[in-house]
Amino acid sequence: DLSLLHDVGGLVLGPDEPRPDLVLVVCNNDGGGIFHFLPQARLSASFERLFGTPHGVDLSDVAALARVGYARVERAAALPAAVGEALATGGIHLVEVPTDRHANVALRAQLTGAVRAASAP
């Protein structure tokens, strides 16, 4: 999500510019969720301001501004259909997948533990 917002100007094409067939799938965790995997995530209240950087931007508004297709996918099972529909329609589309930063960290820890247990001698 932060990368999309940083480069949003690239989505804004002039009316006569060709529009490629492009589907952008954006994991939206309202900021720098990847940084929650770093040790400093546990250190202080300033972590959220410095690393989490919540933006609160509605990505449907971004899509409307850029005049591109938009879909929001709430469940992983719906993602292939949303991408397929966007591809079939053609043009540029933004498919938003909202995620929760803390749930992502917990899920990764759970998966890491399962892999370690499965690979233990």
For this session: Begin with the C-alpha distance, continue with both residues' side-chain angles, and end with the deciding distance and a verdict on side chain to side chain contact (heavy atoms under 4.5 Å, CB included) for Val26 and Val95.
Result: CA-CA 6 Å; Val26 180; Val95 176; over 6 Å; no
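- The ring pair (Phe, Tyr, Trp, His ring centres under 6.0 Å) contacts involving residues 89-115 comprise His36-His102, where partners must be two or more places apart or lie in separate chains.
- Other residues, nucleotides and ligands contribute only 12 or fewer heavy atoms inside 6.0 Å of the CD atom of Glu85.
- In Ile34, the CD1 atom is not crowded: 12 or fewer heavy atoms of neighbouring residues, nucleotides or ligands sit closer than 6.0 Å.
- Among residues two or more places apart in sequence or in another chain, the side-chain contact (heavy atoms from CB on, under 4.5 Å) test is passed with Val83 by Val23, Val25, Leu79, Leu87.
- A donor-acceptor distance shorter than 3.5 angstrom exists from the side chain of Arg67 to the backbone of Leu13, with no hydrogens or angles considered.
- Checking Asn28, Asp1, Leu24 one by one against Glu96, the side chain to side chain contact (heavy atoms under 4.5 Å, CB included) holds for a single residue, Asn28.
- If you take CG on Leu11 and CG on Leu94, they are separated by 7.5 Å, rounding to the nearest 0.5 Å.
- Arg72 has a carboxylate O that lies under 4.0 Å from a charged side-chain N of Glu74, or vice versa, which qualifies the two as a salt bridge.
- The closest donor-acceptor contact from the side chain of Glu17 to the backbone of Gly14 lies under 3.5 Å.
- Closest approach of Ala76 to Pro80, counting heavy atoms only: O-CD, 3.6 Å.
- Residue pairs that meet the ring pair (Phe, Tyr, Trp, His ring centres under 6.0 Å) test with at least one member in residues 2-32, sequence neighbours left out, do not exist here.
- A distance-only check finds no donor-acceptor pair linking the side chain of Asp7 to the backbone of Gly10 [under 3.5 Å].
- Not one N or O on the side chain of Asp30 forms a donor-acceptor pair closer than 3.5 Å with the backbone of Pro54.
- Residue pairs meeting the ring pair (Phe, Tyr, Trp, His ring centres under 6.0 Å) criterion with at least one partner in residues 52-71, sequence neighbours excluded, do not occur; the list is empty.
- With sequence neighbours left out, Gln110 forms a side chain to side chain donor-acceptor pair (under 3.5 Å) with no residue at all.
- When all heavy atoms of Ala63 and Gly69 are compared, the pair lying nearest together is CB-O, 4.1 Å.
- Counting heavy atoms from C-beta outward, Val57 and Leu5 have side chains that approach closer than 4.5 Å.
- Here the closest heavy-atom approach between residue Phe47 and residue Phe35 is recorded as CZ-O, 3.6 Å.
- Looking at residues two or more places apart in sequence or on another chain, you find no side chain to side chain donor-acceptor pair (under 3.5 Å) involving Asn29.
- Environment of CZ in Arg108: sparse, with no more than 12 heavy atoms of neighbouring residues, nucleotides or ligands closer than 6.0 Å.
- Transitive grouping of hydrophobic side chains (ILVMFWY, heavy atoms separated by less than 4.5 Å) brings Leu22 and Val8 into a common cluster.
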